[in-house]
Amino acid sequence: MDKKILDNVFEPFFTTKELDRETGLGLSTVDGIIKQNHGFIELYSEIGKYTTFKIYILRYEGKEESGYKKAKEKMPQSSGETILIVTDEDSVLNQVRMI
């Protein structure tokens with residue numbers, strides 16, 4: 001993304017698509033949700049190569065809900081990473097799911 005796009009990427013209804021295509025609130029909505037939860041987004045982009053969004057949100061450390069049932073099987077342990085993929089391209093989404 002170039003500087004003009006980076007400066008506007010979280011603005012409601014901002015789009016780089018042609019006029020007859022849909023515009024959306026995707027990144028604007030994501031930005032609002034992240035800020036509402038006292039988080040922030042880091043954005044890095046190389047023109048013509050890739051764009052990376054890193055989203056940081058506080059972890060909830062309250063008490064367990066009383067109706068919560070623990071799973072019988074243990075989940076595999078990780079380092080706590082979660083990956084959120086946001087795309088409007090079905091082919092990209094399907095490829096990421098397979099990976």
Side-chain angles (χ1 to χ4, degrees):
M1 292 187 219
D2 62 25
K3 180 163 176 33
K4 181 182 177 189
I5 294 172
L6 289 173
D7 289 345
N8 293 289
V9 74
F10 295 111
E11 293 297 319
F13 303 109
F14 175 76
T15 185
T16 57
K17 296 178 183 178
E18 297 171 13
L19 293 177
D20 62 341
R21 300 234 4 230
E22 294 179 19
T23 61
L25 293 170
L27 289 175
S28 175
T29 301
V30 169
D31 186 48
I33 291 168
I34 299 304
K35 287 179 179 173
Q36 199 173 27
N37 288 281
H38 309 289
F40 62 95
I41 302 175
E42 287 182 357
L43 171 59
Y44 179 77
S45 185
E46 294 228 5
I47 296 174
K49 292 185 179 180
Y50 61 89
T51 300
T52 301
F53 293 83
K54 291 187 177 183
I55 300 174
Y56 300 88
I57 334 175
L58 296 174
R59 181 186 328 182
Y60 177 73
E61 294 189 10
K63 295 180 180 180
E64 279 187 8
E65 296 289 326
S66 60
Y68 178 77
K69 295 180 182 178
K70 293 188 178 186
K72 293 179 182 178
E73 295 180 26
K74 282 197 166 195
M75 293 290 289
Q77 295 298 309
S78 70
S79 299
E81 299 88 4
T82 299
I83 299 173
L84 171 68
I85 306 298
V86 179
T87 180
D88 59 356
E89 296 291 332
D90 289 338
S91 61
V92 173
L93 184 60
N94 290 333
Q95 184 68 29
V96 170
R97 283 182 179 156
M98 286 180 10
I99 293 171

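Predicted model, so just to flag it, every value in this text is computed and none were measured.
If you chain together hydrophobic residues whose side chains sit under 4.5 Å apart, L27 and I33 never meet in one group.
Judged by distance alone, the side chain of D2 and the main-chain N or O of K4 form a donor-acceptor pair under 3.5 Å.
With sequence neighbours excluded, no residue forms a side chain to side chain donor-acceptor pair (under 3.5 Å) with N8. Applying the side chain to side chain donor-acceptor pair (under 3.5 Å) rule to K3 yields the partners D7; only residues at least two apart in sequence or on another chain are considered.
Among residues at least two apart or in separate chains, side-chain hydrogen bond (donor to acceptor under 3.5 Å, both in side chains) pairs with a member in residues 38-50 are Y44-E46, S45-T51. Sorted by first and then second residue, the pairs that involve residues 84-96 and meet side-chain hydrogen bond (donor to acceptor under 3.5 Å, both in side chains), not counting sequence neighbours, are K17-D88.
Closest approach of I47 and M1 over heavy atoms only: CG1-O, 3.5 Å.
Note that the CZ atom of F10 and the OG1 atom of T29 stand 11.5 Å from one another [nearest 0.5 Å]. Atom-to-atom distance recorded for I55:CD1 and D31:CG is 9.5 Å, nearest 0.5 angstrom. Interatomic distance, NZ of K54 versus CG of L43, reported as 11.5 Å (0.5 Å rounding).
Annotation for M98: hydrophobic cluster partners, listed by chain and number, are none (ILVMFWY side-chain heavy atoms under 4.5 Å, direct or chained). Under the 4.5 angstrom side-chain criterion for Ile, Leu, Val, Met, Phe, Trp and Tyr, the cluster partners of Y56 are F40.
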